[in-house]
Amino acid sequence: MKMKKRPNILLTGTPGVGKTTLGKELAQQTGLTYINIGDLAQEGQLYEGYDEEYQCPILDEDRVVDELDEKMVEGGVIVDYHGCDLFPERWFHIVFVLRTDNTQLYTRLESRGYTGKKLQDNVQCEIFQTIYEEAMEAYSEEIVHQLPSNTPEDLERNLEQIVNWTEQWMKDHN
């Protein structure tokens with residue numbers, strides 16, 4: 001029996017926009033495999049140093065891509081990461097950039113312990129649509145979609161929309 005084809009989905013956006021919450025829930029409802037790049041990097045120690053200014057490890061992007069490639073070729077993966085231009089374009093069938101109101105984002109990041117430059121830079125990143133622009137440059141624009149992620153209602157709507165898209169994709173490709 002031939003394996004059913006399943007899509008690969010990228011959830012991206014500034015830290016604090018709700019990628020992880022959406023991704024885990026989406027995996028539960030669709031049966032796709034959820035991969036948080038931060039967790040993957042931590043488990044495999046896929047780092048190439050430490051950033052003193054931001055107080056965080058520096059991701060070894062090549063090792064992350066190598067680690068994921070086989071899974072991505074198989075399909076059926078939801079990838080959650082705040083960057084997107086490190087991944088090969090061929091990996092994803094659709095890219096969702098989550099967007100959050102700056103004041104809400106500020107509060108969410110503050111509650112995670114973000115302070116100073118790290119807090120300011122991440123909020124500015126959202127203000128200037130940095131991740132959205134990165135996604136538009138890295139992937140063909142017809143697969144890149146922005147989704148508001150401010151309220152529980154937004155989460156429900158986004159979930160429903162992506163579940164419907166996934167079901168339709170599977171019908172069209174199997």
Side-chain angles (χ1 to χ4, degrees), residues 2-41 43-44 46 59 61-102 104-105 108 122 125-174:
K2 198 175 150 234
M3 277 286 287
K4 255 190 162 182
K5 279 191 189 160
R6 300 176 326 148
N8 288 330
I9 299 170
L10 175 60
L11 296 179
T12 190
T14 309
V17 295
K19 299 177 298 294
T20 303
T21 306
L22 178 62
K24 286 178 175 175
E25 191 62 39
L26 195 55
Q28 226 171 2
Q29 290 193 25
T30 60
L32 300 180
T33 303
Y34 170 77
I35 297 175
N36 177 302
I37 297 300
D39 294 346
L40 179 82
E43 287 159 17
L46 307 175
L59 197 66
E61 295 181 353
D62 292 336
R63 285 177 59 209
V64 167
V65 169
D66 289 346
E67 183 77 23
L68 278 177
D69 197 52
E70 208 173 294
K71 284 186 186 88
M72 299 307 292
V73 171
E74 286 170 24
V77 180
I78 300 163
V79 172
D80 161 354
Y81 191 55
H82 60 260
C84 61
D85 56 359
L86 68 139
F87 305 117
E89 186 177 359
R90 63 184 161 77
W91 276 6
F92 298 105
H93 300 98
I94 197 156
V95 176
F96 293 103
V97 182
L98 301 185
R99 304 294 312 275
T100 298
D101 170 72
N102 309 325
Q104 267 205 343
L105 184 64
R108 288 180 191 176
N122 278 293
C125 184
E126 186 64 11
I127 292 168
F128 295 122
Q129 301 187 44
T130 308
I131 309 287
Y132 176 66
E133 287 175 11
E134 205 178 88
M136 290 297 278
E137 284 174 27
Y139 304 98
S140 66
E141 57 186 65
E142 58 270 8
I143 72 162
V144 177
H145 305 275
Q146 293 188 80
L147 296 174
S149 184
N150 297 301
T151 64
E153 292 75 30
D154 287 341
L155 174 65
E156 287 306 314
R157 229 183 344 267
N158 293 341
L159 200 50
E160 186 183 343
Q161 193 178 340
I162 301 172
V163 166
N164 291 340
W165 177 88
T166 303
E167 288 168 355
Q168 188 58 54
W169 189 96
M170 287 174 66
K171 276 183 200 153
D172 294 347
H173 294 85
N174 284 296

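Along the sequence shown, residues carry numbers from 1. Model, not experiment: these values are computed from the prediction.
Listed for the N174 side chain is no donor-acceptor partner under 3.5 Å among the backbone atoms of K4.
Remark: D172 engages Q168 in a side chain to side chain contact (heavy atoms under 4.5 Å, CB included) (not counting sequence neighbours). Contacts of H82 classified as ring-ring contact (aromatic ring centres under 6.0 Å, His included), with partners at least two apart in sequence or in another chain: none. With sequence neighbours excluded, the residues satisfying side chain to side chain contact (heavy atoms under 4.5 Å, CB included) with Q28 are E25. Applying the side chain to side chain donor-acceptor pair (under 3.5 Å) test to Q104 and every residue at least two apart in sequence or in another chain returns R108. Listed by chain and number, the residues in a salt bridge (charged side-chain N to carboxylate O under 4.0 Å, His left out) with R99 are E126 (sequence neighbours excluded). Residues that satisfy the side chain to side chain contact (heavy atoms under 4.5 Å, CB included) test with E160, not counting sequence neighbours, are N164. For the salt bridge (charged side-chain N to carboxylate O under 4.0 Å, His left out) test, no residue two or more places apart in sequence or in another chain qualifies with D39. Residues satisfying the side chain to side chain donor-acceptor pair (under 3.5 Å) test with D66, not counting sequence neighbours, are none. Annotation: side chain to side chain donor-acceptor pair (under 3.5 Å) contacts of E70 (sequence neighbours excluded): none. R157 meets the side chain to side chain donor-acceptor pair (under 3.5 Å) test with D154; sequence neighbours excluded. E89 is linked by a side chain to side chain contact (heavy atoms under 4.5 Å, CB included) to Y139, S140, counting only residues two or more places apart in sequence or in another chain.
The shortest non-hydrogen separation linking R6 to W169 is C-CZ3, 3.4 Å. In terms of heavy-atom proximity, T12 sits nearest to G83 at OG1-O, 3.5 Å. Here the closest non-hydrogen pair linking T14 and C125 is OG1-SG, 4.1 Å. E134 approaches C84 most closely through the heavy-atom pair OE1-N, 2.9 Å.
Within the 4.5 Å cutoff, side-chain heavy atoms of L147 are placed close to those of I162. Side-chain atoms of L105 and N122, non-hydrogen and from C-beta on, never get closer than 4.5 Å to each other.
Applying the salt bridge (charged side-chain N to carboxylate O under 4.0 Å, His left out) rule to pairs touching residues 135-145 yields nothing, sequence neighbours excluded.
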